[in-house]
Amino acid sequence: MKMRDLTGKVAVITGASSGIGEATARLLVAEGVRVVLVARRRERIDALVAELGDAALALTADVGDAAAVADVFAEVERRFGGLDLLFNNAGLGVNAKFEASDPADWKRMIDVNLYGVLHCTQAAIPLLRGRPGAMISSVSSVGGRYGTESWSVYSATKFAVVGFHDALRKELGSEGIRVSVIEPGAVWTEFGQNVSDAMRDRRESLDALTSEDVAQALVYAFAQPPRVLVEEILIRPVKQVSP
Ligand code: NJP
């Protein structure tokens with residue numbers, strides 16, 4: 001199937017300093033897209049710019065901070081005059097049985113996984129308007145479709161992302177702005193740092209996805225003709241038969 005030529009498109013990728021975001025930046029640049037890399041770890045996104053060259057720009061921000069996000073999108077408007085893709089990928093998961101979980105961790109997850117998506121999406125909409133094939137794609141999770149033991153608050157934030165997109169699609173679809181979610185299962189990344197040994201064992205036993213596998217899904221959706229909305233992609237290791 002012929003994919004749309006993405007040369008010259010402009011994308012903002014949140015959580016571009018590692019994992020899925022980093023892989024997506026590489027793949028989009030290979031497709032001719034100019035990418036804006038957003039994350040808190042400056043040295044990581046600077047290193048990626050050094051690798052990707054003029055097609056990439058690094059902007060440091062905590063996506064939970066509305067003022068910092070506003071600065072990012074003001075800079076995108078100043079440099080590029082608009083935006084074709086917002087990839088809301090920044091996310092955080094803390095693994096804990098709910099009864100023993102720490103409300104400070106609930107807040108950290110809600111700030112990034114939900115407020116981060118809301119702040120970036122609201123700031124991006126005016127820049128996406130009028131751009132053929134414009135798309136908002138946000139990373140939810142298999143845990144945003146099915147509740148998973150010891151990931152209850154994380155699951156709640158990712159269910160919220162799915163519900164938000166379901167409603168937002170109805171607000172923006174008639175304008176031609178595509179609203180899409182990607183729901184990965186287990187992926188080899190830095191995600192799940194507080195249970196890294198358990199995550200490594202699970203990923204090994206499931207033959208987990210690579211970040212590139214998920215990045216390919218994003219590019220597949222984005223490269224469809226502007227009339228085509230790939231509304232939802234649930235992508236998981238074939239051996240991950242339950243959430
Ligand atoms: O994880 P990781 P993934 N402001 O830890 C950034 C979802 N997912 O690639 O700020 C701005 O390598 C952080 O950057 P930094 C998951 O929920 C994954 O797997 O420099 N950025 C880093 O670049 C998430 O939505 C799996 O620390 C913030 C990035 O987020 C997405 O996939 C399974 C930030 C995280 O990269 C990408 O995560 C699943 C903030 N406040 C869903 N906080 C999986 N890997 O198995 C964090 O179902 N970041």
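One-based numbering, in listed order, for ligands and for the atoms of each. Start at 1 with the first residue, then count along the sequence.
Not a single heavy atom of Thr14 lies less than 4.0 angstrom from ligand 1. A heavy-atom separation below 4.0 Å is found between Ala16 and ligand 1. Note on ligand 1: Arg203 sits in its first shell, one or more heavy atoms being nearer than 4.0 Å. Using a 4.0 Å cutoff on heavy atoms, Ala61 counts as a contact of ligand 1.
The single protein non-hydrogen atom nearest to atom 7 (C) of ligand 1 is Val139 CG1, 3.6 Å, given as residue, atom name and distance. Closest to atom 23 (O) of ligand 1 among all protein heavy atoms lies Ser17 OG, 2.8 Å. Protein heavy atom closest to atom 4 (N) of ligand 1, with residue, atom name and distance, is Val63 N, 3.0 Å. Given atom 12 (O) of ligand 1, the protein heavy atom at minimum distance is Ser18 OG, 2.8 Å. For atom 29 (C) of ligand 1, the closest heavy atom belonging to the protein is Gly15 CA, 3.7 Å. When hydrogens are left out, the protein atom nearest atom 28 (C) of ligand 1 is Ala90 CB, 3.7 Å; that is the closest non-hydrogen contact. Looking from atom 43 (N) of ligand 1 to the surrounding protein, the closest heavy atom is Arg40 NH2, 3.2 Å. Taking atom 37 (C) of ligand 1 as the reference point, the nearest protein heavy-atom neighbour is Asn89 OD1, 3.1 Å.
The number of heavy atoms from other shown groups lying within 6.0 Å of OH (Tyr115) does not exceed 12. At most 12 non-hydrogen atoms from other residues, nucleotides or ligands lie less than 6.0 angstrom from CD of Gln122.
No donor-acceptor pair closer than 3.5 Å links the side chain of Ser17 to the backbone N or O of Ala39.
Separating the OH atom in Tyr220 from the CD1 atom in Ile235 is a distance of 11.5 Å, to the nearest 0.5 Å.
Under a 4.0 Å criterion applied to the non-hydrogen atoms of Asp62, ligand 1 contributes the atoms 4 (N), 40 (C), 41 (N). Shown in contact with Ala186 at under 4.0 Å from a heavy atom are these atoms of ligand 1, numbered in order with element: 46 (O). Ligand 1 places these atoms under 4.0 Å from at least one heavy atom of Ser140: 42 (C).
Geometrically, ligand 1 and Val187 share a nitrogen or oxygen pair separated by less than 3.5 Å. Considering backbone and side-chain N/O atoms, Pro184 comes within less than 3.5 Å of an N/O atom of ligand 1. Backbone and side-chain nitrogen or oxygen atoms of Ile20 are examined, and one is located within less than 3.5 angstrom of a nitrogen or oxygen of ligand 1.
Only side-chain heavy atoms of Lys158 come within less than 4.0 Å of ligand 1; its backbone N, CA, C and O stay farther off. For Arg44, no heavy-atom contact with ligand 1 is shorter than 4.0 Å. Looking at Ala208 against ligand 1, nothing comes within 4.0 Å, counting heavy atoms. The proximity of Ser211 to ligand 1, defined as any non-hydrogen pair under 4.0 Å, does not occur for either the backbone or the side chain.
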Could you walk me through whether Glu190 and Gln193 pass the side chain to side chain contact (heavy atoms under 4.5 Å, CB included) check?
CA-CA 6 Å; Glu190 296 170 23; Gln193 287 174 12; 4.0 Å; yes
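A heavy-atom distance below 4.5 Å is found between the side chains of Glu75 and Leu59. At least one side-chain heavy atom of Ser137 sits under 4.5 Å from a side-chain heavy atom of Ile182. Within the 4.5 Å cutoff, the side chain of Ile136 has no heavy atoms near those of the Arg178 side chain.
Ion pairing of Lys97 with Glu149 is present here, as a side-chain N (NZ or NE/NH1/NH2) and a carboxylate O approach within less than 4.0 Å. The pair Glu232-Arg145 meets the salt-bridge criterion, since a charged nitrogen lies less than 4.0 angstrom from a carboxylate oxygen.
Side chain to side chain, Asn88 and Thr121 meet the donor-acceptor criterion of an N or O pair below 3.5 Å. Between the side chains of Ser18 and Arg41, at least one donor N or O sits under 3.5 Å from an acceptor N or O. Under 3.5 Å, the side chains of Trp106 and Ser101 contain a donor-acceptor pair of N or O atoms. Side-chain atoms of Ser138 and His165 include a donor-acceptor pair closer than 3.5 Å.
Among Tyr154, Phe191, Phe87, the residue whose heavy atom lies closest to atom 42 (C) of ligand 1 is Tyr154. The residue among Val112, Thr189, Val117 with a heavy atom at the shortest distance from atom 3 (P) of ligand 1 is Thr189. For atom 26 (C) of ligand 1, the candidate residues are Gly93, Ser141, Gly185, Ala215; the nearest heavy-atom contact is made by Gly185. Among Gly19, Gly91, Ala39, the residue whose heavy atom lies nearest to atom 35 (C) of ligand 1 is Gly91.
The aromatic ring centroids of Phe159 and Phe164 lie 6.0 Å or more from each other.
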